[in-house]
There are 2 protein chains.
Amino acid sequence: MQTTGNQYLVKKINKSIVFDTIRRKNPISRAQISESTNLNKGTVSSLVKELIDDDLVYEIGPGQSSGGRRPVMLLFNHVSGYAIGIDLGVNYILTVLTDLEGNSVEEERTPLQNLSFDSVISALFQSIRAMIDRAPDSPRGIVGIGIGVPGIVDEKGTVLFAPNLGWKNVNLSRMITDEFHLPVIVHNEANAGAKGEHLFGSGKGRENLVYVSVGIGIGTSMIINNALYGGASGFSGEMGHFIIESHGKKCRCGNRGCWELYASERAFLEQAKSLSVPSTDSADLDLDRFIQAANEGNSEVIQLFNQIGEYLGIGLTNIVNTLNPELIIIGNRFAKAEKWIRNPIHRVVESRSLPYHRQPLKIAFSSLGTHSCALGASSFAISNFFSDMKVPVG
Amino acid sequence: MQTTGNQYLVKKINKSIVFDTIRRKNPISRAQISESTNLNKGTVSSLVKELIDDDLVYEIGPGQSSGGRRPVMLLFNHVSGYAIGIDLGVNYILTVLTDLEGNSVEEERTPLQNLSFDSVISALFQSIRAMIDRAPDSPRGIVGIGIGVPGIVDEKGTVLFAPNLGWKNVNLSRMITDEFHLPVIVHNEANAGAKGEHLFGSGKGRENLVYVSVGIGIGTSMIINNALYGGASGFSGEMGHFIIESHGKKCRCGNRGCWELYASERAFLEQAKSLSVPSTDSADLDLDRFIQAANEGNSEVIQLFNQIGEYLGIGLTNIVNTLNPELIIIGNRFAKAEKWIRNPIHRVVESRSLPYHRQPLKIAFSSLGTHSCALGASSFAISNFFSDMKVPVG
DNA sequence: CCATATCGTTTATCCATTGAATAAAGCGAG
DNA sequence: CTCGCTTTATTCAATGGATAAACGATATGG
């Protein structure tokens, strides 16, 4: 059933406009809000009053006069509640607690030894519990939980297929809601990372971007007109399974010549095995070890990074030619190798992309490091909270 | 500046809901509209009165009683105006005149001998003029012109780049508005074709689909949640320049191994040259000639169709794995070869796509033949007209 | 100190939706 | 044929939110 127009809808729209204006232009006076939104001064006053009653906004005191009565400045009350953001990795869980502006106030990284379903879920619950316990007191408490998962997720928060976790049809959203009685938003890991970089990282202020998450596999996600394209699962899923060599190697997906066979962390590590690089005890740190070796001048390793970078460039060219993005952000673990893959990527994309597209493109690396996903996930919980909140139920 | 909520917005929303309901459920009574939209009966009455004054709706007379007063049935007045839709091909112009439901009432195909810019424009103007002259009398006359162009188009209707026409930065929209003083919508040819198939063809009733236009080159476009994804230019542009062989043939785009080098009409014709098939006088009918040869059992030609079909399948697999569509429609000229390419396409996609995706996918061929683009273009003009119309200016 | 400008609130007015009442039209049982 | 019941469509007062204008409070600057 569609939503019909009536006065409540009008109020909801305007309250939301006023609130968003305060969040964005913070600190701001009622008069300035009226000016910038074209809403009547009286309307703004009454809506601000409600937002103050809702604990979402507060008055900070008089501001600078511009030749008349001094304005009362308003601030977004970003600590009126907190959100939890989770990056559910293949062998780790990164949990953050953020305020309603997305600033991280607590965080915890849990390495996963035991990858069985039950123990992953139990570790997940434990880390959520820890964040809830550590959250500061606030009028609204924890407003929601956002999770980024390396797999395909539907609108209802069911993980349909996450090969690297070995999950299939896991109704993650419900499991967590049942336990914690909080709103839960589950998204694909690349979607969360894209949103994180868009709000807080290299993509800040951009309206459109493509985020390429290069980890064990390759995931992708797009922000179009400031919104995530394509829902929770979206189209992101599996751009790693682009064919780039139609008669190439066999992939576990059943196809041949998939991009991630040539350009992912796994592709790198498989070829790197045979190189003579001192091993460390920790199996996790494989990639770091090779980056260090490259930094120390190991030419074989540098050469391998170069090769992987070139293949990354080939897949990126597909994205450039197809989607014509203004910005591509490379994130997730392999972004750590920026120094060694940056040049080959640029070289290949420069030489292969359509001349018409080459102009506006920028290729950047994640500036949030490994936090993009968790911060993006928390932002999903926050926007979900606001979109509920803005409805004047009472 | 954002649109704020006020009573005019409410009315615009509701009027639009009522009108859409009438268009979709035609014939329908006021009571049924109230029932299905949850709008108050009084509200519906007053909005219907306005729509009747606007010539958009009319009363057809009493309907079947269901045990009480007989309802007055309302009809969408689909001949209160007409729209022009144009498929601007590389060597032809197909123009249709449709009523406001998109039914074609007049059409004209103009072959282009002289491909110079001026003569193409002049032929275009002439065909528009012809449609205007042939349009039946109606309260609103011609409500707009929609054009599908084989190239990249921006929001303002400027053709940024159309290699096959040899156009660059042509403000087509303005040129036509200046001449005819009518609203003009210019879109990419694949977008128009996708919309055409979505409204009237193989994609009727679907919410999501990918349209692949296989002509000289390859264009693609997506409908997501009943809306065209990505605007006038959108992402459609150049999926034909997917890399499918990273060390393959050189493409005129500067890259190597692009999909359309292996799977387009041009790819077919280049290889078909060397086959021994009787030539006809008309150079245009090349493809038809080979289809006929295949139908007559020429095994070399059949083999070539088979090969092109397989490469089409490889690119389609990329689309399947990446976008996970429920429906792919293959359109434009090469769709005529359905009989010969259908099997290889299915075979390749079946064997190469991710098992998870394979389930819901259907691959169909255009059911509007070569009319998808022109009909879709006309539908753009119609929706543009309605979106203006629904604002209660008076 | 006064003229002027700005800020925020208050008041009266406007307007679209709503629900209820009413009018109009039809069906069917006795 | 009549009466009672339904359904359809219109009318009307009430509701609630936006708006414009007036107003009080507060600041600046000469």
Side-chain angles (χ1 to χ4, degrees), chain A residues 2-18 21-22 25 27-53 57-74 390-394, chain B residues 2-19 21-22 27-53 57-74 390-394:
Chain A
Q2 50 204 322
T3 29
T4 58
N6 57 30
Q7 65 253 54
Y8 303 108
L9 176 69
V10 169
K11 184 165 182 178
K12 177 179 160 180
I13 291 172
N14 290 341
K15 191 168 174 183
S16 154
I17 290 174
V18 169
T21 305
I22 295 173
K25 306 196 176 169
I28 189 173
S29 70
R30 289 166 175 81
Q32 287 171 305
I33 295 172
S34 169
E35 172 76 13
S36 88
T37 60
N38 282 313
L39 285 167
N40 186 278
K41 287 192 292 178
T43 308
V44 171
S45 273
S46 100
L47 293 175
V48 165
K49 191 180 294 168
E50 288 194 28
L51 288 168
I52 290 177
D53 287 345
V57 165
Y58 63 104
E59 298 183 337
I60 185 82
Q64 279 271 305
S65 160
S66 55
R69 171 176 166 180
R70 292 168 68 190
V72 178
M73 302 314 279
L74 301 167
K390 282 186 252 175
V391 189
V393 181
Chain B
Q2 50 204 324
T3 30
T4 58
N6 56 31
Q7 66 253 50
Y8 302 109
L9 176 69
V10 169
K11 185 164 181 176
K12 176 178 160 181
I13 291 171
N14 289 342
K15 191 168 173 181
S16 155
I17 290 175
V18 170
F19 183 44
T21 305
I22 295 173
I28 189 172
S29 70
R30 290 167 176 80
Q32 288 171 302
I33 295 172
S34 169
E35 173 76 12
S36 89
T37 61
N38 282 313
L39 284 166
N40 185 278
K41 288 188 289 179
T43 307
V44 171
S45 273
S46 100
L47 294 176
V48 165
K49 188 180 295 168
E50 288 194 26
L51 288 168
I52 290 177
D53 287 346
V57 165
Y58 64 103
E59 298 182 337
I60 185 81
Q64 280 270 303
S65 161
S66 55
R69 171 174 167 180
R70 293 168 67 189
V72 179
M73 302 313 279
L74 302 167
K390 282 185 252 175
V391 189
V393 180

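Each chain gets a letter, A, B and so on, in the order its sequence line appears, and its residues count up from 1. This is a predicted model, so every value here is computed, not measured.
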- Item | Sugar-phosphate only, base, or nothing, as touched by S46(B) at under 4.0 Å among non-hydrogen atoms | nothing

- Query: How long is the line joining CE of M73(A) and P of dC7(C), in whole Å?
  - Reply: 9 Å

- Please give, in whole Å, the distance from dG8(C) P to L74(A) CG? 7 Å

- Message: Can you confirm whether N6(B) sits close enough to L9(B) that some side-chain heavy atom of one is under 4.5 Å from a side-chain heavy atom of the other?
- Response: yes

- Query: How is V44(B) classified with respect to the nucleic acid when contacts are heavy atoms under 4.0 Å: base, sugar-phosphate, or nothing?
  - Reply: nothing

- Could you tell me whether the side chain of P71(B) reaches within less than 4.5 Å of the side chain of Q32(B), counting heavy atoms only? no

- Query: Can you tell me how far P of dG16(D) sits from NZ of K12(A), to the nearest Å?
  - Reply: 19 Å

- Item | First of G67(A) and N40(A) reached from the 5' end of DNA chain D, by closest nucleotide | N40(A)

- Message: What is the distance, to the nearest angstrom, from the CD1 atom on I13(B) to the C1' atom on dA16(C)?
- Response: 12 Å

- Message: Quick check: on DNA chain C, is the nucleotide nearest P62(B) upstream (toward 5') of the one nearest Q64(A), or the reverse? Name the residue that is more 5'.
- Response: Q64(A)

- Send over the distance from I52(A) CD1 to dT9(C) P, rounded to a whole Å. 9 Å

- Task: Would you indicate what S34(A) reaches in the nucleic acid, counting non-hydrogen atoms under 4.0 angstrom: base, sugar-phosphate, or nothing?
- Result: nothing

- Please examine the side chains of R30(A) and E59(A), heavy atoms only from C-beta on, and report whether any two atoms are closer than 4.5 Å. yes

- Using only side-chain N and O atoms of S45(B), determine if any of them is under 4.0 Å from OP1 or OP2 of dT10(D). yes

- Query: Between L39(A) and G68(A), which has a closest nucleotide on DNA chain D that is more 5'?
  - Reply: L39(A)

- Message: Is there a side-chain contact between N6(A) and the phosphate of dA16(C), meaning an N or O under 4.0 Å from OP1 or OP2?
- Response: no

- Item | Nearest-nucleotide pick for Y8(B), side chain only, options being dC15(C), dA27(D), dT19(D) | dC15(C)

- Length of the line joining L9(B):CG and dG16(D):P, which is rounded to integer Å: 20 Å

- Can you tell if the side chain of I33(A) reaches within under 4.5 Å of the side chain of L74(A), non-hydrogen atoms only? yes

- Note on the structure: To the nearest angstrom, the NZ-P distance between K41(B) and dA23(C) comes to 15 Å

- Message: What contact category does T43(A) fall into here, base, sugar-phosphate, or nothing, at under 4.0 angstrom with non-hydrogen atoms?
- Response: base

- Query: Can you find a donor-acceptor N/O pair under 3.5 angstrom joining the side chain of R69(A) to the base of dT6(C)?
  - Reply: no

- Task: Kindly indicate whether the side chain of V10(B), heavy atoms from C-beta on, has any atom under 4.5 Å from the side chain of Q7(A).
- Result: no

- Query: Rounded to the nearest Å, what distance is computed from the CD atom of residue Q7(B) to the C1' atom of nucleotide dA20(D)?
  - Reply: 12 Å

- Item | Side chain of V10(B) - closest among dC27(C), dT17(C), dC7(C) | dT17(C)

